[in-house]
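By convention in this document, chain letters (A, B, ...) are assigned in the order of the sequence lines, proteins followed by strands, and residues within each chain are numbered from 1.
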Number of protein chains: 2
Amino acid sequence: MQILHRPFCPHSRFLRLVLAERGIDVDLTEERPWERRADFLRLNPEGATPVLVVADALAIPGAEIACAWLDESGTGTPSRPLLPEGPVERVEVRRLVRWFNGKFFEEVSRPLVEEKIDKRFMSPEHGGGGPNTAALRAARANIRYHLAYIGWLAARNHWLAGAEMSYADLAAAAHLSVVDYLGEVKWTEEATAREWYARVKSRPSFRTLLADRVAGMPASATYADLDF
Amino acid sequence: MQILHRPFCPHSRFLRLVLAERGIDVDLTEERPWERRADFLRLNPEGATPVLVVADALAIPGAEIACAWLDESGTGTPSRPLLPEGPVERVEVRRLVRWFNGKFFEEVSRPLVEEKIDKRFMSPEHGGGGPNTAALRAARANIRYHLAYIGWLAARNHWLAGAEMSYADLAAAAHLSVVDYLGEVKWTEEATAREWYARVKSRPSFRTLLADRVAGMPASATYADLDF
């Protein structure tokens with residue numbers, strides 16, 4: 001299998017974590033969606049990363065759709081179930097996956113990654129250039145309430161959606177990992193969120209993410225430190 | 001069961017269609033998310049419609065999460081399955097649901113509904129007022145390629161994701177129905193898309209949608225006409 005991804009796309013990172021938790025090795029191929037490569041658009045007309053390429057006839061766009069396919073086809077050997085058995089318990093896991101892949105992405109990780117990373121690699125006609133400081137300021141204000149929410153959930157449940165680790169934890173941690181690379185998480189303000197993140201970060205599935213670097217932009221001091 | 005909805009929110013309409021196809025009667029309660037009512041935010045911190053309230057302890061935010069719960073809990077009696085059995089066939093259904101609930105919503109139905117309907121009911125401090133003409137112009141340009149894509153899919157598959165009607169058709173038709181109310185669909189330009197929409201629109205599940213009206217804004221001539 002192969003993932004068409006960007007190393008600092010949070011959705012791509014979520015899918016990489018899920019595959020690693022299922023013991024599935026994948027090839028990673030970097031894609032720059034803003035270049036709108038014809039072969040990429042044939043696999044995913046939406047033009048977004050990640051795409052999980054399983055075979056010539058099966059390319060799965062979007063991390064959540066890939067997760068459903070992995071679960072329903074029984075592909076790989078999960079270290080532990082990432083989706084609970086009960087329909088009602090699943091609602092909370094899915095609600096939080098949607099929260100992080102939708103709301104956290106729009107309000108925090110998307111603007112920070114676009115402004116601080118992607119724009120360095122885009123040509124001017126694709127929108128490259130210096131960061132929009134108003135967008136950065138808004139994202140920095142938004143992350144505070146998200147971090148408080150993570151702390152509140154982790155204090156109540158141990159893991160975000162309940163007593164067991166689930167897709168919700170991997171999605172949240174994938175988004176936080178890129179924001180943390182950029183030095184944008186004030187860990188000292190939310191001790192419970194930090195303890196929860198340290199637990200996810202110490203999973204073996206997290207290792208390959210922590211080895212990724214942006215060319216010409218060093219990681220924050222906390223990024224690869226398991227004891228931050 | 002009860003849905004907290006807006007009559008012209010496409011996601012709410014998608015969920016109403018799905019519930020009607022399963023033979024489930026629901027109470028409809030209108031919610032104005034921009035008013036950020038505390039009891040509503042307790043049910044769905046994201047503050048978006050629809051929310052399916054099943055019981056005191058179970059409020060399901062988001063139409064896709066409600067669909068998964070309905071399928072997995074076996075609630076209601078579907079007239080026909082809306083999700084195929086095979087994991088691979090499901091990928092295409094889910095890809096298109098994501099396409100319409102994500103991309104079509106952002107590019108077409110969200111701006112048209114916000115600018116032409118919601119702003120009429122918002123107070124100025126919530127963003128009410130006249131429509132933003134640049135947003136309307138962009139949405140009107142975008143709908144043309146979406147309609148062509150629907151026509152292309154319907155010509156290839158009969159229904160959008162394959163030989164059988166699925167969630168993909170209901171999601172697409174829910175979004176189109178609000179845009180059609182506003183007179184923004186040039187049906188004469190895409191005969192195949194029109195034929196497909198006429199098939200979905202003639203389902204009994206569609207009836208309650210076609211009875212909805214915006215106060216002070218008549219429906220387009222095609223909206224409630226099954227033979228448009």
Looking only at heavy atoms, which two atoms of A/Val91 and B/Ala59 are closest? And how far apart?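 Where A/Val91 meets B/Ala59 most closely, the heavy atoms are CG1-O, 4.4 Å.
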Which residues pass the ring pair (Phe, Tyr, Trp, His ring centres under 6.0 Å) test with B/Phe14, sequence neighbours left out?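 Not a single residue meets the ring pair (Phe, Tyr, Trp, His ring centres under 6.0 Å) criterion with B/Phe14.
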Short donor-acceptor contacts under 3.5 Å linking chain B with chain A:
| from | atom 1 | to | atom 2 | distance (Å) |
| --- | --- | --- | --- | --- |
| B/Glu46 | OE1 | A/Arg98 | NE | 3.0 |
| B/Glu72 | OE1 | A/Arg90 | NH1 | 3.2 |
| B/Glu72 | OE1 | A/Arg94 | NH1 | 3.0 |
| B/Glu72 | OE2 | A/Arg90 | NH1 | 3.0 |
| B/Glu72 | OE2 | A/Arg94 | NH2 | 2.9 |
| B/Arg90 | NH1 | A/Glu72 | OE1 | 3.2 |
| B/Arg90 | NH1 | A/Glu72 | OE2 | 3.1 |
| B/Arg94 | NH1 | A/Glu72 | OE1 | 3.0 |
| B/Arg94 | NH2 | A/Glu72 | OE2 | 2.9 |
| B/Arg98 | NE | A/Glu46 | OE1 | 3.0 |

Below 4.5 Å, heavy-atom pairs only: which of B/Pro61, B/Pro45, B/Ala57, B/Gly62 has the largest tally toward chain A?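 Among the listed options, the one with the most contacts to chain A is B/Pro45.
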Quick check for you: among B/Ala68, B/Ala66, B/Gly102, B/Gly86, which has the greatest number of heavy-atom pairs under 4.5 Å with chain A?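 The residue among B/Ala68, B/Ala66, B/Gly102, B/Gly86 with the greatest pair count is B/Ala68.
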